[in-house]
Amino acid sequence: MAAHTTATPTPASTGPATATPAGDAATTTPTTGAPVAGTAASTATAAPPVWNDPAHDVDTRVSALIAAMTVEEKIAQLFGVWVGASAEGAEVAPHQHDMEEPADLDALLPAGLGQLTRPFGTAPVDPALGALSLARTQQRITAANRFGIPAVAHEECLAGFAAWKATAYPVPLSWGATFDPDLIRLMARAIGTDMRSVGVHQGLAPVLDVVRDARWGRVEETIGEDPYLVGTIATAYVQGLESAGIVATLKHFAGYSASRAGRNLAPVAMGPRERADVVLPPFEMAVREGGARSVMHAYTDTDGVPSAADEELLTGLLRDTWGFGGTVVADYFGIAFLKTLHGVAGDWADAAATALRAGVDVELPTVKTFGEPLRHAVATGRVPEEFVDRAVRRVLRQKVRLGLLDAGWNPVPPALEGADLDDPAALRGTVDLDTPANRDLAALVADRAIVLLGNDGTLPLTRPRTIALVGPHADRPTAVLGCYSFPVHVGTQHPDTPVGIDLPTLREALEREFPGVRILTAPGADVDGADTSGFADALRLARDADVVVAALGDRAGLFGRGTSGEGCDAGSLTLPGVQQRLLDALLDTGTPVVTALFAGRPYALGRAVGEAAAIVQSFFPGVAGTTAMAGVLSGRTNPSGRLPVGVPRTPDAQPATYLSARLGQATDVSSVDPTAAFPFGHGLSYTAFDWGDLTVGNDTGTTDGEFRLAFRVRNTGEREGTEVVQLYLHDPVASVVQPVQRLVGYARVPLRPGEERRLEVTVPADVAAFTGLDGRRVVEPGELELRLAASSGDPRLTARVTLTGPARYVDHTRRLHARITPAATPPH
């Protein structure tokens with residue numbers, strides 16, 4: 001472990017000096033970069049080296065630097081080291097992970113370092129002291145290598161910045177439930193701003209995997225089961241993160257969520273059309289429209305080819321076709337897995353060569369194959385140096401664009417500017433990553449993400465005398481947190497450390513929401529336990545109450561330590577443990593039961609679908625999640641969330657999504673019915689909406705044209721509400737089998753009571769494209785149905801239109817969106 005130091009950070013320009021050409025590295029002092037006798041020393045007035053001079057363009061700077069580097073120095077930029085920030089503000093220390101030995105920083109740093117892995121997300125550390133620790137480490141890194149190149153620091157940010165005391169936002173499945181890209185863009189910018197303020201450069205988010213099997217444990221990390229919804233929401237997140245100066249990382253490229261039987265890190269059985277039309281479009285959109293600067297390869301193999309070894313995917317498609325110019329980073333330990341799990345590499349050097357050739361630029365989380373094995377492989381000719389040069393060029397371009405190579409770069413981040421860095425104790429508590437503004441934004445996302453699945457009129461609750469709050473999530477603070485929130489992902493390994501953020505329980509939220517109402521609480525059962533001894537108390541409370549709120553769902557965790565999360569896959573979609581039995585027993589009491597779900601995936605709810613007074617679905621809604629749930633129950637919030645994944649009717653019909661073809665629907669020749677109890681896009685409101693007056697500007701268009709529609713939506717209820725208009729395309733006859741319908745556009749439409757709005761819809765023919773028999777994306781002539789719908793199961797208006805002209809082939813530059821916009825106000 002490297003010795004800690006208490007040196008105060010200084011601007012990087014005071015450390016690195018002009019480097020000598022490659023091959024003359026011995027003429028500099030490797031620990032400081034200071035010139036020694038016999039070299040041309042820089043002076044305070046000398047011009048900076050080309051690579052440190054922002055007056056030159058990026059490629060000129062990068063080329064000059066690469067020309068001056070040794071092979072060892074180039075390779076050093078291609079890996080990270082897993083570290084943990086010091087709780088005292090000293091330098092980071094290498095992280096001991098059960099899969100690898102900790103790296104020797106003293107041995108590595110003279111050649112440089114590409115990345116620092118999760119300095120804030122490895123152990124609880126006060127944010128200000130973590131920022132100081134990172135700054136001191138960056139000073140050490142820049143002083144140790146002769147070019148003064150800092151490392152890129154990356155962190156997880158799937159549910160907010162994964163750092164102690166940082167706001168835990170709703171998980172991505174909740175982002176999808178909002179159907180609100182603008183809101184998610186704002187959230188991402190807030191997350192990115194917090195990360196940048198403490199010295200972080202890259203965020204490992206968003207996840208663009210499209211749900212193919214809801215049993216997969218990482219469903220909570222996804223945005224939904226529809227590629228268009230995933231693409232638009234993820235692109236907005238990327239735009240927000242990038243606007244804050246954080247490098248967004250698209251993951252997992254590609255097909256991770258399509259693993260067999262929904263098992264984590266399992267082989268993928270997927271044909272080229274499913275890959276092209278379902279899995280890849282969200283990535284394509286986020287690269288083209290989002291401006292993402294990094295992509296992370298997936299763990300899985302598809303048809304025998306691991307993603308980390310897939311040159312056609314990582315270079316041919318991503319770079320050569322889509323024009324992606326950023327970095328491809330390894331999923332953690334993914335390059336080593338080419339040897340240990342996939343068996344396509346004979347040794348570590350072979351694994352490094354395979355990944356590097358395919359297009360992987362950076363090994364994460366720590367050095368294994370891109371260290372000595374790669375150096376030896378280059379020295380012996382097993383790996384051409386040109387592959388190293390190609391990767392390091394991408395890495396250095398990114399560092400230049402981040403400003404890390406500019407003369408005068410300072411490792412002190414914005415959050416510590418002006419602070420006394422020689423007094424770490426005084427810094428403690430001075431950086432707030434859970435501000436009121438953050439929490440307000442998290443609350444808004446949670447409010448818009450909660451989905452009212454069913455309601456017989458019991459909701460909103462009107463001053464009940466007694467509420468029986470029953471279930472494992474009745475009084476559990478972490479019920480609202482996903483697997484990648486810091487308290488779950490890291491905090492559980494430090495049980496003596498406080499959670500660090502305020503997490504009101506549902507009991508506390510209901511007590512605030514319903515002052516004066518008796519709220520009686522009993523857990524009834526654990527989330528995944530088999531013990532039913534708590535049923536008796538729960539049922540006694542239920543019989544004596546005016547209404548029951550059954551707080552059920554998941555416990556997020558890692559690798560089997562939860563019921564949802566990475567490595568927490570499900571054998572079926574029955575509620576975990578004995579929760580379904582508890583729910584059924586509550587229904588038997590005769591007291592109205594409101595089922596309130598805090599979960600990471602959709603579950604079959606059995607009798608509750610038809611017998612519960614109401615069902616309210618949330619997907620790990622974050623710090624304000626219980627308050628948001630209470631607001632929906634009281635009616636303070638009119639729910640406007642829509643399902644990003646269908647809720648199954650039966651627990652054993654997976655894999656099944658609404659994007660199925662005709663053969664995937666219920667039939668008389670199979671005993672398994674995959675029909676959802678609540679379909680994709682479904683969600684109720686406390687008001688009502690009437691749709692009508694559809695006009696079709698043209699019911700015939702060419703394969704390179706567009707269709708124009710218009711219709712009106714009116715709020716016919718007595719309170720303000722938001723309708724979520726969804727546009728689905730149905731292609732009844734195509735040259736290859738198509739899903740019965742697929743989402744091609746959507747819009748949130750807020751309306752006051754009695755308010756009416758006319759909407760215009762523009763549908764380019766390009767959105768009808770699919771991958772044809774010859775593997776090319778084609779727009780075919782023929783009839784189409786454009787279904788304006790409240791959900792995939794609730795079409796309200798249908799326009800039948802015809803495409804004419806020749807079949808037209810399109811590529812990644814095609815038009816991706818059908819637009820739904822307010823109609824222009826006619827002149828008076």
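Atoms considered below: every heavy atom in the structure, side chains included; atoms not considered: hydrogens, waters and symmetry mates.
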>> Nearest 0.5 Å, please: how far is CD in Q617 from CG in L597?
In response: 5.0 Å
>> What's the separation between atom CD1 in I191 and atom CG in L158, rounded to the nearest 0.5 Å?
In response: 9.5 Å
>> Using a 3.5 Å distance criterion without hydrogens, assess whether the side chain of S685 forms a donor-acceptor pair with backbone atoms of G721.
In response: no
>> To the closest 0.5 Å, what do you measure between CG (L582) and CG (D526)?
In response: 11.0 Å
> salt bridge (charged side-chain N to carboxylate O under 4.0 Å, His left out): which pairs involve residues 673-685, sequence neighbours left out?
Replying inline: none
> Taking only residues two or more places apart in sequence, or in another chain, which ones meet T595 in a side chain to side chain donor-acceptor pair (under 3.5 Å)?
Replying inline: none
Could you list the donor-acceptor pairs under 3.5 angstrom formed by side chains in residues 539-547, with sequence neighbours left out?
{"residue": "D546", "atom": "OD1", "partner": "R465", "partner atom": "NH2", "Å": "3.2"}
{"residue": "D546", "atom": "OD2", "partner": "R465", "partner atom": "N", "Å": "2.8"}
{"residue": "D546", "atom": "OD2", "partner": "T466", "partner atom": "N", "Å": "2.9"}

>> Treating R719 as the side-chain partner and Y686 as the backbone partner, does any N or O pair qualify as donor plus acceptor under 3.5 Å?
In response: no
> Counting only N and O atoms by type, is there a donor-acceptor contact under 3.5 Å from the side chain of T235 to the main-chain atoms of G231?
Replying inline: yes
> Does any N or O in the side chain of D569 come within less than 3.5 Å of the main-chain N or O of N264, such that one atom is a donor and the other an acceptor?
Replying inline: yes
> So, the side chain of R642 versus the backbone of G176: is there a donor-acceptor pair under 3.5 Å, distance only?
Replying inline: no
>> side-chain hydrogen bond (donor to acceptor under 3.5 Å, both in side chains) for D456 and T458? Distances and angles first, verdict last.
In response: CA-CA 6 Å; D456 67 0; T458 297; 2.6 Å; yes
> Going by atom types only, do T232 and Y746 share a side-chain donor-acceptor pair under 3.5 Å?
Replying inline: yes
>> Evaluate D528 against R555 for salt bridge (charged side-chain N to carboxylate O under 4.0 Å, His left out), listing each step before the verdict.
In response: CA-CA 8 Å; D528 56 348; R555 182 184 70 255; 3.0 Å; yes
>> Pair D475, R507 - check salt bridge (charged side-chain N to carboxylate O under 4.0 Å, His left out), show working.
In response: CA-CA 6 Å; D475 206 17; R507 176 184 60 79; 3.0 Å; yes
>> As an exercise, state the distance from CG of L759 to CD1 of I820, rounded to the nearest 0.5 Å.
In response: 7.5 Å
> Okay, side chain of E221, backbone of R218: is any donor-acceptor separation there less than 3.5 Å?
Replying inline: no
> Taking the side chain from H494 and the backbone from A123, do they hold a donor-acceptor pair closer than 3.5 Å?
Replying inline: no
> What are the two closest heavy atoms between H473 and A479, and how far apart are they?
Replying inline: ND1-CB, 3.3 Å
>> Given 3.5 Å as the limit, does a donor-acceptor pair link the side chain of T716 with the main chain of A688, or not?
In response: yes
> Is atom CZ of R636 surrounded by more than 12 heavy atoms (other residues, nucleotides or ligands) closer than 6.0 Å?
Replying inline: yes
> What residues, two or more places apart in sequence or in another chain, satisfy side-chain contact (heavy atoms from CB on, under 4.5 Å) together with T657?
Replying inline: R212, E225, L659
> Are the ring centres of F120 and W164 closer than 6.0 Å?
Replying inline: no
>> Which residue in the set D180, T178, T722 passes side-chain hydrogen bond (donor to acceptor under 3.5 Å, both in side chains) when paired with R448?
In response: D180
> Taking the side chain from S791 and the backbone from D794, do they hold a donor-acceptor pair closer than 3.5 Å?
Replying inline: yes
> Which heavy atom in L684 sits nearest to a heavy atom in N455, and how many Å separate them?
Replying inline: CD1-N, 4.0 Å
>> Do T687 and N715 pair up side chain to side chain, a donor and an acceptor below 3.5 Å, judged on atom types alone?
In response: yes
>> Would you say Q580 and T574 are linked by a side-chain donor-acceptor pair, where the criterion is simply a distance under 3.5 Å?
In response: no
>> Under the rule for side chain to side chain donor-acceptor pair (under 3.5 Å), what residues qualify as partners of E220, not counting sequence neighbours?
In response: S564
> Listed by chain and number, what are the side chain to side chain donor-acceptor pair (under 3.5 Å) partners of S533, not counting sequence neighbours?
Replying inline: D531
> So which of T505, V480, L510 actually passes side chain to side chain contact (heavy atoms under 4.5 Å, CB included) with T626?
Replying inline: V480
> Which heavy-atom pair separates R463 from P515 by the least distance, and what is that distance?
Replying inline: NH2-O, 3.0 Å
Distance-only criterion, 3.5 Å: show the donor-acceptor pairs between side-chain atoms of residues 600-608 and protein atoms not counting sequence neighbours.
{"residue": "R601", "atom": "NE", "partner": "A214", "partner atom": "O", "Å": "2.9"}
{"residue": "R601", "atom": "NH1", "partner": "T563", "partner atom": "O", "Å": "2.8"}
{"residue": "R601", "atom": "NH1", "partner": "Y603", "partner atom": "OH", "Å": "2.9"}
{"residue": "R601", "atom": "NH2", "partner": "R215", "partner atom": "O", "Å": "3.0"}
{"residue": "R601", "atom": "NH2", "partner": "W216", "partner atom": "O", "Å": "3.3"}
{"residue": "R601", "atom": "NH2", "partner": "C568", "partner atom": "O", "Å": "3.1"}
{"residue": "Y603", "atom": "OH", "partner": "D554", "partner atom": "OD1", "Å": "2.5"}
{"residue": "Y603", "atom": "OH", "partner": "D554", "partner atom": "OD2", "Å": "3.3"}
{"residue": "R607", "atom": "NE", "partner": "E611", "partner atom": "OE1", "Å": "3.3"}
{"residue": "R607", "atom": "NE", "partner": "E611", "partner atom": "OE2", "Å": "3.2"}
{"residue": "R607", "atom": "NH1", "partner": "D588", "partner atom": "OD1", "Å": "3.3"}
{"residue": "R607", "atom": "NH2", "partner": "D588", "partner atom": "OD1", "Å": "2.7"}
{"residue": "R607", "atom": "NH2", "partner": "E611", "partner atom": "OE1", "Å": "2.9"}

>> Test of understanding: with side-chain contact (heavy atoms from CB on, under 4.5 Å), list the residues that count as partners of A789, not counting sequence neighbours.
In response: Y728, P795
>> Could you check whether Q741 and Y658, counting side-chain N and O atoms only, form a donor-acceptor pair closer than 3.5 Å?
In response: no
>> Once side-chain contact (heavy atoms from CB on, under 4.5 Å) is applied, do any residues pair with E756, and if so which ones, sequence neighbours excluded?
In response: R712, R714
>> So for atom CZ, which belongs to R748, do other residues, nucleotides or ligands contribute more than 12 heavy atoms lying within a distance under 6.0 Å?
In response: yes
> Mind checking what makes ring pair (Phe, Tyr, Trp, His ring centres under 6.0 Å) contact with F620, not counting sequence neighbours?
Replying inline: none
> Sequence neighbours excluded, which residues qualify as side chain to side chain donor-acceptor pair (under 3.5 Å) partners of D434?
Replying inline: T167, R439
> CD1/I223 to CH2/W175 distance, rounded to the nearest 0.5 angstrom?
Replying inline: 6.0 Å
> Around R581, counting heavy atoms of other residues, nucleotides and ligands shown, do more than 12 lie under 6.0 Å from its CZ?
Replying inline: no
> Does D496 have any side-chain contact (heavy atoms from CB on, under 4.5 Å) partners at least two apart in sequence or in another chain, and if so, which?
Replying inline: none
> Are any side-chain N or O atoms of E155 and backbone N or O atoms of G121, one a donor and one an acceptor, separated by less than 3.5 Å?
Replying inline: yes
> Step by step, would you call R561 with E566 a salt bridge (charged side-chain N to carboxylate O under 4.0 Å, His left out)?
Replying inline: CA-CA 10 Å; R561 296 190 292 271; E566 187 172 0; over 6 Å; no
>> So, taking the atom named CD1 in I233 and the one named OH in Y228, what distance separates them when rounded to the nearest 0.5 Å?
In response: 10.0 Å
> Run the side-chain contact (heavy atoms from CB on, under 4.5 Å) check on L459 and V616 step by step: do they pass?
Replying inline: CA-CA 10 Å; L459 294 184; V616 187; 3.7 Å; yes
